Amino acid sequence: MFKIFPLIFICFGIYIGINYSDEVEAIIETDTFKSIQEKVETLFLDKIEEIKG
């Protein structure tokens with residue numbers, strides 16, 4: 001029964017991707033999203049360096 005949950009989530013993701021691809025691309029291309037992405041990348045790289053060092 002638990003094997004069907006990942007399949008349901010994958011199908012749901014494909015459905016959203018097909019029906020709302022234009023809206024998702026519009027959100028991703030905004031300046032706010034880009035600034036958040038840069039901050040997350042910076043924090044992620046800092047954490048990797050902290051773990052290494």
Side-chain angles (χ1 to χ4, degrees):
M1 177 166 166
F2 289 110
K3 293 180 181 179
I4 196 134
F5 287 124
L7 181 62
I8 291 171
F9 287 128
I10 290 170
C11 293
F12 186 67
I14 291 171
Y15 171 78
I16 289 173
I18 290 172
N19 290 324
Y20 300 103
S21 62
D22 294 335
E23 289 86 356
V24 171
E25 288 176 7
I27 290 170
I28 290 175
E29 292 176 358
T30 60
D31 292 333
T32 305
F33 187 82
K34 288 181 181 179
S35 67
I36 291 171
Q37 183 180 6
E38 289 175 1
K39 289 179 183 178
V40 169
E41 287 174 353
T42 305
L43 290 172
F44 184 69
L45 292 175
D46 290 344
K47 288 292 182 182
I48 290 175
E49 290 297 323
E50 184 180 311
I51 291 171
K52 283 184 180 178

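Keep in mind that this is a model prediction, so the values were computed, not measured.
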Contacts under 3.5 angstrom, residues 13-24 side chains, donor-acceptor by atom type, not counting sequence neighbours:
from, atom 1, to, atom 2, distance (Å)
Tyr15, OH, Asn19, ND2, 3.4
Asn19, ND2, Tyr15, O, 3.4

Under 3.5 Å, sequence neighbours excluded: what are the donor-acceptor pairs made by side chains of residues 44-53?
none

Co-members of the apolar cluster containing Val40 [side chain, <4.5 Å]: Ile36

Contacts of Phe5 that satisfy side chain to side chain contact (heavy atoms under 4.5 Å, CB included) - sequence neighbours left out: Met1, Phe2, Phe9

Shared-cluster residues of Ile8, by chain and number - hydrophobic side chains joined below 4.5 Å: Ile4

Lys34 versus Glu29, closest heavy-atom pair with distance: CE-O, 3.8 Å

